[in-house]
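Notes follow the structure.
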Amino acid sequence: NDFVLDAIGDLGLTGSVTIYNTVYSWIDAWSFQAKGGTSAVNLNWVANQDETYHTQLDNMDLADPATLKIAIDMYVILGIRADHALVLPVNLMNTLDWVAGYLAEGRAEAPEAAAWFDGVEAALDVLMTQVSEANEYAAGLQKAYDRAGTPEEKAAVRALADDLNDALYE
């Protein structure tokens, strides 16, 4: 996810902080999602973390202030950039590549289900094409916005970007 990697780099933490884009939605905050809320997870796993994870030692008093500062700084940067982005910076291609890899493994393990895998892979190909086209369109909108010389031209491009954001996220 280049959006997050750029923020990590801007904090001077490339190589020290990494990201992992999960495909599944299981997190400890699942109960918030059930109530219609959202949550974000920072996994700052260090040596011996399993000994304190979800025990009486898993509390804010024992949290490392430096790690919390990194998480807060990163989310401030991400929030500001997302708020000011012409098109919201989400690229699903890594997730779709992950799905494709697991489908290939599954096909090898269950050759008798070849017809099912054919159908799923065909649907995945369509989705990958659509995501790629959306990414290219978003990049084109950004270039058009950057080239726009008048407020009216910028407003016209922003209207197209708003339509894309609505299509992608509503």
Side-chain angles (χ1 to χ4, degrees), residues 1-45 67-109 116-149 153-170:
N1 184 324
D2 292 338
F3 178 64
V4 178
L5 290 173
D6 288 346
I8 291 170
D10 290 344
L11 290 171
L13 297 170
T14 300
S16 300
V17 173
T18 60
I19 61 167
Y20 172 67
N21 288 318
T22 59
V23 175
Y24 53 87
S25 63
W26 176 259
I27 57 171
D28 291 339
W30 65 268
S31 57
F32 293 110
Q33 182 187 25
K35 294 176 177 65
T38 60
S39 61
V41 175
N42 291 303
L43 184 61
N44 300 304
W45 222 252
T67 301
L68 291 175
K69 182 177 182 338
I70 289 170
I72 291 167
D73 289 349
M74 187 173 77
Y75 278 105
V76 166
I77 289 173
L78 293 175
I80 290 169
R81 288 184 181 167
D83 183 55
H84 289 85
L86 184 66
V87 176
L88 294 174
V90 175
N91 181 350
L92 298 175
M93 289 307 287
N94 288 337
T95 300
L96 298 178
D97 289 340
W98 178 88
V99 170
Y102 270 87
L103 280 173
E105 288 178 23
R107 180 184 286 278
E109 294 173 8
W116 181 86
F117 282 101
D118 289 343
V120 173
E121 287 172 352
L124 181 62
D125 286 343
V126 169
L127 182 57
M128 290 177 97
T129 298
Q130 291 171 337
V131 168
S132 179
E133 290 171 351
N135 290 343
E136 289 172 15
Y137 182 60
L141 287 173
Q142 186 63 58
K143 287 178 184 175
Y145 188 82
D146 293 342
R147 283 192 313 263
E153 289 172 339
K154 287 191 179 292
V157 175
R158 180 158 293 283
L160 294 172
D162 289 345
D163 290 343
L164 177 59
N165 285 324
D166 289 345
L168 292 173
Y169 302 105
E170 288 187 2

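Only a predicted model underlies this, so the values are computations on that prediction, with no experimental measurement involved.
Side-chain contact check for Leu160 versus Tyr137: some heavy-atom pair is nearer than 4.5 Å. Residues Val99 and Tyr102 fail the side-chain proximity criterion, which asks for heavy atoms closer than 4.5 Å. A 4.5 Å side-chain heavy-atom check between Leu96 and Val131 finds at least one atom pair inside the cut-off.
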Would Met74 and Ile8 count as a side chain to side chain contact (heavy atoms under 4.5 Å, CB included) here? Give the steps. CA-CA 7 Å; Met74 187 173 77; Ile8 291 170; 3.6 Å; yes
Does the side chain to side chain contact (heavy atoms under 4.5 Å, CB included) test come out yes or no for Ser132 and Met128, once each step is laid out? CA-CA 6 Å; Ser132 179; Met128 290 177 97; over 6 Å; no
Assess whether side chain to side chain contact (heavy atoms under 4.5 Å, CB included) is satisfied between Val17 and Leu11, documenting all intermediate values. CA-CA 10 Å; Val17 173; Leu11 290 171; over 6 Å; no
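Considering all non-hydrogen atoms of both residues, Ala144 and Val157 come closest at CB-CG2, 4.0 Å. Shown here for Ala7 and Ile77, the closest heavy-atom pair between the two residues is CB-CG2, 3.7 Å. For Ala148 against Lys154, the heavy-atom pair with the smallest separation is CB-CG, 3.6 Å. In this structure, Val87 and Ala138 approach most closely via the heavy-atom pair CG1-CB, 3.8 Å. Shown here for Leu168 and Ala134, the closest heavy-atom pair between the two residues is CD2-CB, 4.3 Å. The shortest non-hydrogen separation linking Pro89 to Ala82 is CD-CA, 4.4 Å.
Summarising the geometry, atom CD1 belonging to Ile80 is positioned 8.5 Å from atom CG belonging to Asp83; distances are rounded to the nearest 0.5 Å. With values rounded to the nearest 0.5 angstrom, Thr129 atom OG1 is found 9.0 Å from Leu124 atom CG. Expressed to the nearest 0.5 Å, how far CG of Leu127 lies from CE of Met93 amounts to 8.5 Å. In this structure, the separation between CZ on Arg158 and CD on Glu153 is 14.5 Å, given to the nearest 0.5 Å. Rounding to the nearest 0.5 Å gives a distance of 10.0 Å between CG of Leu141 and CG of Asp162. Rounding to the nearest 0.5 Å places CG of Leu88 at 8.5 Å from CZ of Phe3.
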